[in-house]
*Asks:* 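What follows is a structure written as structure tokens; I'll ask about it next.
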Amino acid sequence: MSLPFWVVIPAAGVGARMAADRPKQYLEVAGRCLIEYTLDCFLTHPDLRGLVVCLAADDPYWPQLPCAKDPRIQRAAGGAERADSVLSGLQRLRGLGAAEQDWVLVHDAARPNLAHSDLQRLLQQLAEDPVGGLLAVPVRDTLKRAGADGRVLDTPDRSCFWQAFTPQMFRLGPLQQALSAALAAGVRITDEASALEWTGQSPRLVEGRADNLKITRPEDLQWFAALHGQ
Ligand SMILES: Nc1ccn([C@@H]2O[C@H](COP(=O)(O)OP(=O)(O)OP(=O)(O)O)[C@@H](O)[C@H]2O)c(=O)n1
Ligand SMILES: C[C@](O)(CO)[C@H](O)COP(=O)(O)O
């Protein structure tokens with residue numbers, strides 16, 4: 001099955017929770033930056049139409065990477081929040097010729113362990129979907145709702161809870177419209193699916209691997225480094 005798609009990689013964050021000497025997407029494991037691992041999964045896919053990385057205006061690291069010279073990769077200006085960066089990336093795709101109904105996959109630069117099998121499953125399961133969807137994993141731990149005092153309020157039924165991952169896959173026009181409208185309404189948007197939900201649509205959950213982790217804190221980086229024998 002061939003399904004051409006575009007990719008937007010939000011990579012303009014500062015990585016505050018990592019507390020490193022540089023934004024976490026530029027931390028190295030086995031001689032390569034996290035973002036290089038992330039990009040590889042898409043750059044090796046035959047149906048990739050083009051890819052936009054959303055970068056901070058003062059990012060001095062990107063130009064030093066070999067992939068910065070890849071003609072399939074274009075840059076867009078990152079924004080104050082992740083959603084603003086994504087919106088900027090979507091606008092850049094239009095400048096590259098992407099059309100309203102083209103599929104766009106949005107994937108965090110900070111998720112370097114995306115499996116090819118997960119990417120293929122997302123594309124296959126959503127190819128004919130009227131809305132689009134996202135990779136996600138059913139919650140495997142008991143959940144606790146916390147009170148302001150830091151004590152347990154209650155234990156919600158976890159059977160219907162999933163963790164949202166990326167890539168999240170939507171058609172360019174509907175995604176851009178939903179994201180723009182939700183942000184204009186002051187809605188706090190932390191993933192693309194929540195913008196579509198805000199417009200009353202119901203994205204599909206595609207079960208993926210639990211190790212498609214977002215490298216957020218130092219222990220996440222230690223896990224990824226161990227995966228690569230470091
Ligand atoms: N204004 C922003 C904020 C985040 N991101 C990107 O969105 C992804 C997921 O965000 P997160 O894990 O929160 O990254 P940071 O914002 O860098 O982390 P922190 O919240 O710890 O500062 C990352 O690839 C990050 O680079 C972005 O493009 N633009
Ligand atoms: C998009 C995301 O990775 C889905 O889980 C998550 O919402 C990003 O949140 P962050 O606070 O920007 O890391």
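For ligands, and for the atoms within them, numbers begin at 1 and follow the listed sequence. All values below come from the heavy atoms of this structure, side chains included, with hydrogens, waters and symmetry mates left out. The structure displayed is predicted, hence computed values, not measured ones.
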*Asks:* At a heavy-atom distance under 4.0 Å, which protein residues reach ligand 2? Sort them by chain and number, would you?
*Replies:* R17, R82, D108, R111, A164, T166, T190, D191, K214

*Asks:* Verify whether one side chain among R82 and T190 offers a donor that lies under 3.5 Å from an acceptor in the other.
*Replies:* no

*Asks:* Among V7, V8, V86, find the one that has a side-chain contact (heavy atoms from CB on, under 4.5 Å) with V104.
*Replies:* V8

*Asks:* Donor-acceptor pair, S85 side chain versus P10 backbone, under 3.5 Å?
*Replies:* no

*Asks:* Write down, by chain and number, every protein residue that brings a non-hydrogen atom to less than 4.0 Å from an atom of ligand 1.
*Replies:* P10, A11, A12, G13, V14, G15, A16, R17, K24, Q25, G79, A80, E81, R82, S85, D108, A109, A110, K214

*Asks:* Are the side chain of D108 and the backbone of R111 linked by a donor-acceptor contact shorter than 3.5 Å?
*Replies:* no

*Asks:* Identify whether the distance between the nearest side-chain nitrogen and carboxylate oxygen of K24 and D220 falls below 4.0 Å.
*Replies:* no

*Asks:* So that I can tick it off, tell me whether D118 and R121 are bridged by a salt bridge, with the cut-off set at under 4.0 angstrom between side-chain N and carboxylate O.
*Replies:* yes

*Asks:* Check whether any side-chain N or O of Q74 sits under 3.5 Å from a backbone N or O of P71 as a donor-acceptor pair, and report yes or no.
*Replies:* yes

*Asks:* Mind telling me whether F42 and F5 have parallel, tilted or perpendicular rings, with 30° and 60° as the class edges?
*Replies:* perpendicular

*Asks:* Determine, for R151 against D149, whether the closest basic-nitrogen to carboxylate-oxygen distance falls under 4.0 angstrom.
*Replies:* no

